[in-house]
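Only one structure is covered here, and it is reproduced in the block below.
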Amino acid sequence: QVQLVESGGGLVQAGGSLRLSCAASGRNFISYAMGWFRRAPGKEREFVAVISWSGGSSYYADFAKGRFTISRDNAKHTVYLQMNSLKPEDTAVYYCVAQGSYTSDYVPGPHDSDYENWGQGTQVTVSS
């Protein structure tokens, strides 16, 4: 098990940027693939991005490609989500997720059930 705590959310104008952080604690952080989901008001939770524990593989939802970048610093036990060119439709609670993996470049799928560990979420609000 790994505990996840998100930070970095807030209010930003459309076109602006935010960087979310997720600090992990617990054993064997580097053996976890890490990712982000989000839930917008009135919508289902959706996948955003995931990165392997080596950092060598990553996968993005279509809406995130070209605007969001996921990265990790294993020395700091932290994963980041850099979000640029934000739109009002990016307004959501963003959740950090983690899933153990046996290979360095494994990335889990884009479904809730692919991840066992979830943070509490951080609110991102994009004003028009």
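Heavy atoms only: backbone and side chains are in, while hydrogens, waters and symmetry mates are out.
- In terms of hydrophobic clustering, with Ile, Leu, Val, Met, Phe, Trp and Tyr side chains grouped at heavy-atom distances under 4.5 Å, Y106 and F47 are assigned to different clusters.
- Side-chain N or O atoms of N74 include none that pairs as donor or acceptor with a backbone N or O of H77 at under 3.5 Å.
- With hydrogens and angles left out, the side-chain atoms of R38 and Y94 include a donor and acceptor closer than 3.5 Å.
- M83 and V93 fall into different hydrophobic clusters, where Ile, Leu, Val, Met, Phe, Trp and Tyr are joined by side-chain heavy atoms under 4.5 Å apart, directly or via other members.
- R67 contributes a side-chain N or O that, together with a main-chain N or O of S85, makes up a donor-acceptor pair within less than 3.5 Å.
- The side-chain heavy atoms of T69 and Y80, taken from C-beta on, include no pair separated by under 4.5 Å.
- Within the 4.5 Å cutoff, side-chain heavy atoms of P108 are placed close to those of V50.
- Between L4 and Y32 there is no side-chain heavy-atom pair separated by less than 4.5 Å.
- Following chains of ILVMFWY side-chain contacts shorter than 4.5 Å, one can reach F68 starting from V124, so the two form part of one hydrophobic cluster.
- The side-chain heavy atoms of C96 and M34, taken from C-beta on, include a pair separated by under 4.5 Å.
- T78 and D73 are not linked by any side-chain donor-acceptor pair at a separation below 3.5 angstrom, with hydrogens and angles left out of the test.
- With hydrogens and angles disregarded, a donor-acceptor distance shorter than 3.5 Å links the side chain of Q99 to the backbone of E116.
- With hydrogens and angles ignored, the 3.5 Å screen pairs no side-chain donor or acceptor of S54 with any backbone N or O of S52.
- The backbone N or O of V126 sits less than 3.5 Å from a side-chain atom of T91, completing a donor-acceptor pair.
- Without hydrogens or angle criteria, S57 side chain to D105 main chain gives a donor-acceptor distance under 3.5 Å.
- Checked against the 6.0 Å centroid criterion, the rings of F37 and Y115 qualify as a close aromatic pair.
- Under the 3.5 Å distance criterion, the side-chain polar atoms of E6 are matched with a main-chain donor or acceptor of Q120.
- With hydrophobic clusters built from ILVMFWY side chains whose heavy atoms lie under 4.5 angstrom apart, L20 shares a cluster with Y60.
- A heavy-atom distance below 4.5 Å is not found between the side chains of S31 and Y102.
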Exercise for the section: Let me see the working for D90 and K87 under salt bridge (charged side-chain N to carboxylate O under 4.0 Å, His left out), right down to the final yes or no. Expected result: CA-CA 5 Å; D90 294 318; K87 306 174 182 179; over 6 Å; no

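- Summarising the geometry of S58 relative to I70, their closest heavy-atom pair is CB-CG2, 4.0 Å, with the distance given to 0.1 Å.
- Between W53 and R72 the shortest side-chain heavy-atom distance falls below 4.5 Å.
- When side chains are defined from C-beta on, Q1 counts as touching Q3, because their heavy atoms get closer than 4.5 Å.
- Annotation: side chain of Y95 is not in contact with side chain of T122 (no heavy-atom distance under 4.5 Å).
- With hydrophobic clusters built from ILVMFWY side chains whose heavy atoms lie under 4.5 angstrom apart, I51 shares a cluster with V48.
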